[in-house]
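In what follows, a single structure is set out as structure tokens and then discussed.
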Amino acid sequence: QVQLVESGGGLVQAGGSLRLSCAASGRTERSYAMGWFRQVPGNAREFVAAISRGGGTTDYADSVKGRFTISRDNAKNTLYLEMNSLKPEDTAVYCCAAVVSILYHTYYIRSSDYPYWGPGTQVTVSS
């Protein structure tokens, strides 16, 4: 089993940037596809970005395309989400997730595909 912990959230003005990190520990010798999701209280969890276990394949929600970049450093067991041009509607708790993947280029965009989740980090964008 892998454990995930996010960091890097905070309060930022609209138009600003933040970089989220997700550190993995435990069974990190297994290969995981990973993703970022966000949730506002009272709303369903929303897909943000996903990346394959090798890092070469990514996908984004339309609402963040061109502003957010997902990446990973497998040597450091860390996932990143670079967020630029932030908007107030990006305010949410951001969680990283992992799923064991035997396919090198496959990514997953449904939250139900991910068995492992971090507790989340709050991102607040003020107008």
Next on the checklist: Please enumerate all residues that pass side-chain contact (heavy atoms from CB on, under 4.5 Å) together with Ala49, with sequence neighbours excluded.
Outcome noted: Tyr60, Ile70, Leu81
Item to check | Asn84 side chain to Ser17 side chain, donor-acceptor N/O pair below 3.5 angstrom | outcome: yes
Checklist entry - Is there side-chain contact between Phe68 and Met83, with heavy atoms separated by less than 4.5 Å? => result yes
Checklist entry - Of the non-hydrogen atoms in Pro115 and Ala98, which two are nearest, and what is the gap between them? => result CD-O, 3.2 Å
Checklist entry - Tell me the disulfide bond (SG atoms under 2.5 Å apart) pairs involving residues 35-86, sequence neighbours left out? => result none
Checklist entry - Can you check side chain to side chain contact (heavy atoms under 4.5 Å, CB included) on Trp36 and Phe47, steps first, answer last? => result CA-CA 7 Å; Trp36 286 99; Phe47 167 72; over 6 Å; no
Just list the side-chain donor-acceptor pairs under 3.5 Å for residues 102-112, sequence neighbours left out, or say none.
residue	atom	partner	partner atom	Å
Arg110	NE	Asp113	OD2	3.2
Arg110	NH2	Asp113	OD1	2.9

Item to check | Hphob cluster co-occupancy, Val2 + Ile51, side-chain heavy atoms under 4.5 angstrom | outcome: yes
Checklist outcome for this item: On a heavy-atom basis, the closest approach of Gln39 and Ala92 is O-CB, 3.6 Å
Item to check | With Val5 via side-chain contact (heavy atoms from CB on, under 4.5 Å) - residues at least two apart | outcome: none
Checklist entry - Should Ser7 and Ser21 be marked as a side chain to side chain contact (heavy atoms under 4.5 Å, CB included) after you check the CA-CA gap, both sets of side-chain angles, and the distance that decides it? => result CA-CA 5 Å; Ser7 61; Ser21 298; 3.7 Å; yes
Checklist entry - How does the hydrophobic cluster around Val93 look, that is, which other residues are in it when side-chain heavy atoms under 4.5 Å mark a link? => result none
Next on the checklist: Taking disulfide bond (SG atoms under 2.5 Å apart) as the cut-off, I'd like each qualifying pair that reaches into residues 40-94, sequence neighbours left out, listed once.
Outcome noted: none
Checklist entry - For Glu46, what residues pass the salt bridge (Lys or Arg N to Asp or Glu O under 4.0 Å) criterion, not counting sequence neighbours? => result Arg38
Next on the checklist: Would the distance check show the side chain of Thr78 and the main-chain N or O of Lys76 forming a donor-acceptor pair, the cut-off being under 3.5 Å?
Outcome noted: yes
Item to check | Contacts of Ala14 that satisfy side-chain contact (heavy atoms from CB on, under 4.5 Å) - sequence neighbours left out | outcome: Pro88, Val125
Checklist entry - Is Val48 reachable from Val99 through a run of I, L, V, M, F, W or Y residues, each pair having side-chain heavy atoms under 4.5 Å apart? => result no
Checklist entry - By salt bridge (Lys or Arg N to Asp or Glu O under 4.0 Å), which residues pair with Arg72, not counting sequence neighbours? => result none
Item to check | Gap between atom CZ of Arg53 and atom OG of Ser101 - 0.5 Å precision | outcome: 6.5 Å
Next on the checklist: When you measure from the side chain of Thr121 to the backbone of Gly9, do you find a donor-acceptor pair of N or O atoms at a distance under 3.5 Å?
Outcome noted: yes
Checklist entry - Is a side-chain donor or acceptor of Glu82 paired with a backbone partner of Thr69 at a separation under 3.5 angstrom? => result no
Checklist entry - Out of curiosity, does Tyr94 fall in the hydrophobic cluster containing Tyr80 (side-chain heavy atoms, cut-off under 4.5 Å, transitive links)? => result no
Item to check | Pairwise distance CE(Met34) to CG(Asn77) - rounded to 0.5 angstrom | outcome: 9.0 Å
Next on the checklist: Going by disulfide bond (SG atoms under 2.5 Å apart), name the pairs with one or both residues in residues 34-127, residues two or more places apart or in two chains.
Outcome noted: Cys22-Cys96
Item to check | Trace of the side chain to side chain contact (heavy atoms under 4.5 Å, CB included) decision for Leu18 with Leu86 | outcome: CA-CA 8 Å; Leu18 282 174; Leu86 282 161; 4.2 Å; yes
Item to check | side chain to side chain contact (heavy atoms under 4.5 Å, CB included) between Gln1 and Tyr116, intermediate numbers included | outcome: CA-CA 8 Å; Gln1 184 166 334; Tyr116 306 113; 3.5 Å; yes
Item to check | Contacts of type side-chain contact (heavy atoms from CB on, under 4.5 Å), residue Arg67, not counting sequence neighbours | outcome: Val64, Ser85, Lys87, Asp90
Next on the checklist: Give me each pair satisfying salt bridge (Lys or Arg N to Asp or Glu O under 4.0 Å) with a member in residues 91-103, each pair once, sequence neighbours excluded.
Outcome noted: none
